[in-house]
Asks: 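Okay, here's the structure, questions in a sec.
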Amino acid sequence: MSDWFKQAVVYQVYPKSFQDGNGDGMGDLRGVMQRLDYIKALGANVIWLNPVYENSGVDGGYDISDYRKIAPEFGTMEDFEALLEAAHARGLRIVMDLVVNHTSTEHAWFRESRRDKTNDKRSFYVWRAPFEGGAPNRLRSVFSGSAWRKDEATGEYYLHMFANEQADLNWHEPRVREGVYDMMRWWLDKGIDGFRMDVINMIGKPEEALIADGRAEMDICNGPREHEYIREMNREVLSRYDIMTVGETAGTPPEEALRYASLDGGELNMIFQFEHMEVDGGRFGKWSTNRASLPKLKAVLARWQTALHGKAWNSLYWDNHDQARCVSRFGSDRDEASRVRSAKMLAACLHMMQGTPYIYQGEELGMTNYPMRSIEESRDVEAINAWHELVEEMHLLTPQEMMEAIRSKGRDNARTPMQWSAEANAGFTAAQPWMPVNPNYVTINAAQQEGDPDSVLSFYKALIRLRRKNPVVIDGDFTLLMPEDEQVFAYTRCDGKHTLLVACNFSDAPAKLDVQAASRGKRLLGNYQSAGEADTLRAWECRIDLTE
Ligand code: TEU
Ligand code: CA
């Protein structure tokens with residue numbers, strides 16, 4: 001087994017919002033193809049493509065109705081094959097999204113399964129009898145409300161951990177697993193380079209969570225048969241190809257990651273953990289305007305760094321299609337100078353840790369959150385459902401409070417069109433875009449940053465070059481400095497020969513460094529022109545110093 005996943009720098013493309021290639025207002029595969037040279041120039045060598053399969057249009061492609069077809073809005077299978085070839089010709093690999101915890105209720109399997117209780121595919125999904133005329137138990141959907149939905153055909157309930165139209169597959173049924181493995185091999189035989197596995201820690205659901213007793217409401221993640229299924233998938237499929245795999249696993253502690261992402265190669269290459277995405281949650285989970293506490297954020301990330309070192313492999317991310325824009329969330333978009341500095345600082349802080357970095361489209365430009373005015377503007381089933389529940393049904397939040405929460409944490413923030421240029425619709429489309437472009441595209445866009453050596457984009461390029469030149473970034477161990485400090489995130493990476501010192505100021509006020517964290521060695525990269533004082537970081541400053 002090769003370990004190119006350790007050398008990878010992944011660029012995530014959300015195709016619907018990346019580049020429109022045929023003038024219908026929606027991004028597509030031809031559009032991605034037009035922008036391959038941009039991704040190549042950035043220095044990334046892997047593309048993670050969010051779902052482009054046929055779907056029912058409810059959850060951004062995560063409601064798949066046919067795993068072997070490309071959705072018409074994205075193009076054709078020929079377009080996909082052309083994209084794969086064009087990417088490979090440039091030395092770029094393509095990792096596809098694998099969404100197999102659930103299918104769309106329009107998938108052929110579900111259409112059969114729902115027909116009658118004795119249908120041959122009944123067991124492909126999770127069906128339960130009503131409890132006292134209502135839902136089987138109290139299990140809740142990630143997208144608000146009950147996780148159970150009554151189906152008229154049989155009067156039984158099916159499980160949907162996400163939207164009503166996303167029915168959970170029953171992985172305990174061997175024919176489901178075989179069907180999924182077949183489909184995976186079919187894609188891998190086309191030459192794709194791996195999978196990002198959607199909520200893969202939900203497939204081994206504990207039976208106790210699914211009992212129709214009117215009560216159960218337990219966590220279904222990392223269930224008792226979880227690793228059995230992943231190991232089987234590894235044996236049957238993954239181990240037979242030279243690919244990269246990353247599992248999406250919210251609610252997973254490092255101890256579990258040691259199994260999922262063990263360097264022994266028996267399961268996956270790495271996982272996306274979520275603990276650092278949860279430090280700014282509140283009473284209603286993600287729906288809060290809280291800022292992350294820096295000591296907490298550091299404690300979480302340091303724990304993942306040290307717990308996995310030498311045993312398993314980390315993924316590194318601030319942003320993806322489900323998260324608010326990191327510069328607005330952990331840095332500052334208050335004015336242009338703070339935005340540019342803090343976007344670079346966040347990049348340096350993340351990219352110098354151990355693991356495979358993921359860059360989400362527009363993050364490399366310092367794209368910001370979207371100033372959404374009303375819920376009517378939202379295109380996201382998660383936000384819309386939460387609005388109905390928290391504002392309209394339960395009156396737990398006022399419309400103003402919920403709008404503020406959506407503006408600071410909602411997924412729409414990540415899904416506004418990519419800002420390519422100052423032209424109409426940011427150069428994303430000639431038509432009316434499916435989702436509004438952030439009005440700040442006039443100043444924040446790729447064309448403007450490409451020629452500017454001080455841009456956020458140029459800084460990302462420099463960081464990736466630095467990674468390629470300094471093996472300590474890949475292999476070194478991690479030590480957190482100043483753990484309690486409220487402003488400074490500083491750490492070292494050491495491989496015995498070289499020590500990297502990374503010091504970041506997560507605030508707009510000057511910050512003192514202690515002796516260990518004070519600048520020494522040779523400056524590899526920073527976000528200020530002048531060297532500054534050794535023991536003080538300026539507003540949003542970051543430094544990367546190397547000692548041999
Ligand atoms: O996300 C799963 C997940 O646990 C969360 O990130 C969730 O979507 C939400 O953002 C929490 O606030 C994956 C996909 O990345 C997401 O886009 C899908 O909607 C979801 O699975 C269902 O397939
Ligand atoms: Ca299009």
Side-chain angles (χ1 to χ4, degrees), residues 12 14-34 48-53 55-56 58-64 70-76 79 97-104 140-144 147 160-169 196-203 219-222 246-252 271-275 277-278 280-282 284-288 317 319-324 358 360 379-386 405-406 408-415 417 425 428-435:
Q12 184 190 347
Y14 191 72
K16 204 172 175 183
S17 302
F18 194 56
Q19 176 67 60
D20 182 8
N22 66 348
D24 67 353
M26 248 188 274
D28 47 51
L29 293 171
R30 289 280 161 187
V32 179
M33 212 160 127
Q34 291 167 22
W48 153 24
L49 203 58
N50 280 103
V52 290
Y53 315 95
N55 65 83
S56 42
V58 172
D59 184 26
Y62 284 92
D63 46 333
I64 297 171
I70 298 293
E73 65 266 30
F74 293 127
T76 62
D79 293 337
D97 225 300
L98 181 79
V99 189
V100 292
N101 172 67
H102 44 267
T103 71
S104 161
R140 284 183 45 87
S141 156
V142 177
F143 290 163
S144 305
H160 64 91
M161 289 308 297
F162 293 89
N164 294 338
E165 296 83 356
Q166 291 167 302
D168 280 54
L169 284 164
R196 173 271 187 190
M197 304 184 181
D198 193 56
V199 289
I200 200 67
N201 61 334
M202 285 191 179
I203 61 174
D219 181 13
I220 58 136
C221 292
N222 307 317
V246 51
E248 189 215 24
T249 59
T252 295
I271 60 168
F272 291 126
Q273 60 89 13
F274 275 64
E275 290 185 329
M277 293 286 115
E278 285 154 7
D280 56 4
F284 306 108
K286 71 179 278 178
W287 304 116
S288 93
Y317 74 95
D319 270 359
N320 60 45
H321 64 294
D322 291 334
Q323 301 297 336
Y358 288 73
Y360 178 65
R379 301 280 180 278
D380 177 17
V381 60
E382 181 189 45
I384 295 168
N385 287 1
I406 291 176
S408 52
K409 306 286 164 64
R411 306 195 298 181
D412 293 296
N413 287 306
R415 300 177 183 185
N425 300 319
F428 163 70
T429 181
Q432 174 80 11
W434 75 279
M435 200 183 168

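Note that this is a predicted model, so its numbers are computed, not measured. Every number for a ligand or one of its atoms is a count from 1 in the order of the listing. Index from 1, following the sequence.
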Asks: What distance do Asp79 atom CG and Leu29 atom CG have between them, rounded to the nearest 0.5 Å?
Replies: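 Going from the CG atom of Asp79 to the CG atom of Leu29 covers 6.0 Å.
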
Asks: Give me the residue, atom name and distance of the protein heavy atom closest to atom 3 (C) of ligand 1.
Replies: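 The closest one turns out to be Glu248 OE2, 3.7 Å.
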
Asks: Taking only non-hydrogen atoms of Met161, do any sit less than 4.0 angstrom from ligand 1?
Replies: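 Under 4.0 Å: no for Met161.
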
Asks: Please state which option from Asn50, Val142, Asp198, Asn320 has its nearest heavy atom closest to atom 21 (O) of ligand 1.
Replies: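 Residue with the shortest heavy-atom distance to the ligand atom: Asp198.
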
Asks: Among side-chain atoms of Tyr53 and Asp97, is any donor-acceptor pair under 3.5 angstrom?
Replies: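 The answer is no; no qualifying pair exists.
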
Asks: Heavy-atom distances under 4.0 Å are what count here, so tell me which part of Phe143 touches ligand 1: side chain, backbone, both or neither.
Replies: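 Side chain only; the backbone of Phe143 stays clear of ligand 1.
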
Asks: Ignoring angles and geometry beyond distance, decide whether Gln323 reaches within less than 3.5 Å of ligand 1 through its nitrogen or oxygen atoms.
Replies: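 In fact, backbone or side chain, Gln323 has no N or O that close.
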
Asks: Ala414: what forms a side-chain contact (heavy atoms from CB on, under 4.5 Å) with it, not counting sequence neighbours?
Replies: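 Result, side-chain contact (heavy atoms from CB on, under 4.5 Å) vs Ala414: Tyr360.
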
Asks: State the atoms of ligand 1, each with its element, that fall below the 4.0 Å cut-off from a heavy-atom position in Arg196.
Replies: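 Close to Arg196: 14 (C), 15 (O).
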
Asks: Around atom 9 (C) of ligand 1, find the nearest protein heavy atom and jot down its residue, atom name and distance.
Replies: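 Going by distance alone, atom 9 (C) of ligand 1 is nearest to Glu382 OE2, 3.1 Å.
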
Asks: Tell me yes or no: between the side chains of Asn385 and Ser144, is some donor less than 3.5 Å from an acceptor?
Replies: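 Short answer, no.
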
Asks: Which ligand 1 atoms does Arg415 reach within 4.0 Å, using its non-hydrogen atoms?
Replies: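 Result: 17 (O).
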
Asks: Under 3.0 Å from the Ca ion (ligand 2), protein N/O/S atom count?
Replies: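 Near the Ca ion (ligand 2), the number of protein N, O or S atoms below 3.0 Å is 5.
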
Asks: Restricting to salt bridge (charged side-chain N to carboxylate O under 4.0 Å, His left out), what partner residues turn up for Glu248, sequence neighbours left out?
Replies: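 Partners of Glu248 by the salt bridge (charged side-chain N to carboxylate O under 4.0 Å, His left out) criterion, ordered by chain and then number, come out as Arg196.
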
Asks: Should Lys409 and Asp322 count as an ion pair when the cut-off is N to O under 4.0 Å?
Replies: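 Between Asp322 and Lys409 there is no salt bridge, as every charged N stays at least 4.0 Å from the carboxylate O atoms.
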
Asks: Let me confirm one number: the CG-CG distance from Asp28 to Asn22, rounded to the nearest 0.5 Å.
Replies: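 So the gap between those two atoms works out to 4.5 Å.
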
Asks: Nearest to atom 15 (O) of ligand 1, what protein heavy atom do you find, and at what distance?
Replies: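 The closest heavy atom on the protein side is Asp322 OD2, 2.5 Å.
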
Asks: Would you say Leu49 and Pro15 make side-chain contact, with heavy atoms under 4.5 Å?
Replies: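 Side chain of Leu49 against side chain of Pro15, heavy atoms only: contact under 4.5 Å found.
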
Asks: Give a yes/no on ligand 1: does His160 have at least one heavy atom closer than 4.0 angstrom to it?
Replies: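 Checking ligand 1 against His160, which is what was asked, there is no heavy-atom contact under 4.0 Å.
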
Asks: Flag the pair His102 / His160 as yes when at least one side-chain heavy-atom distance between them is below 4.5 Å, and no otherwise.
Replies: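 No, too far: nothing below the 4.5 Å cut-off.
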
Asks: With distance as the sole criterion, is a donor-acceptor pair present between the side chains of Asn320 and Tyr14 under 3.5 Å?
Replies: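 The answer is no; no qualifying pair exists.
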
Asks: Tell me, which protein residue and heavy-atom name are nearest atom 4 (O) of ligand 1, and how many Å apart are they?
Replies: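 Protein heavy atom with the smallest distance to atom 4 (O) of ligand 1: Val199 CG1, 3.9 Å.
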
Asks: If the condition is salt bridge (charged side-chain N to carboxylate O under 4.0 Å, His left out), which residues does Arg379 pass it with, not counting sequence neighbours?
Replies: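 Per chain and number, Arg379 pairs via salt bridge (charged side-chain N to carboxylate O under 4.0 Å, His left out) with no residue.
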
Asks: List the closest protein heavy-atom neighbour of atom 10 (O) of ligand 1: residue, atom name, distance to the nearest 0.1 Å.
Replies: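 Looking at atom 10 (O) of ligand 1, the protein heavy atom closest to it is Arg411 CD, 3.3 Å.
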
Asks: Identify, for atom 19 (O) of ligand 1, the protein heavy atom at the shortest distance, and state residue, atom and that distance.
Replies: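 It is Asp59 OD2, 2.5 Å.
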
Asks: Assess whether ring pair (Phe, Tyr, Trp, His ring centres under 6.0 Å) is satisfied between Tyr317 and Phe272, documenting all intermediate values.
Replies: CA-CA 8 Å; Tyr317 74 95; Phe272 291 126; 5.3 Å; yes

Asks: If the cut-off is 4.0 Å to any non-hydrogen atom of His321, which atoms of ligand 1 fall inside it?
Replies: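 Near His321, meaning under 4.0 Å from one of its heavy atoms, ligand 1 has 14 (C), 15 (O), 16 (C), 17 (O).
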
Asks: So if I count the atoms of ligand 1 from 1 in the order they appear, which ones are less than 4.0 Å from some heavy atom of His102?
Replies: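 Every atom of ligand 1 under 4.0 Å from some heavy atom of His102: 22 (C), 23 (O).
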
Asks: Could you check if a side-chain atom of Gln166 sits within less than 4.5 angstrom of a side-chain atom of Phe143, using non-hydrogen atoms only?
Replies: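 Gln166 reaches Phe143 side chain to side chain.
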
Asks: Which bit of Met202 gets closer than 4.0 Å to ligand 1, counting heavy atoms only: side chain, backbone, both or neither?
Replies: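 For Met202, no heavy atom sits under 4.0 Å from ligand 1.
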
Asks: Rounded to the nearest 0.5 Å, what separates atom CG in Asn55 from atom OG1 in Thr103?
Replies: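 One finds 12.0 Å between CG of Asn55 and OG1 of Thr103.
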
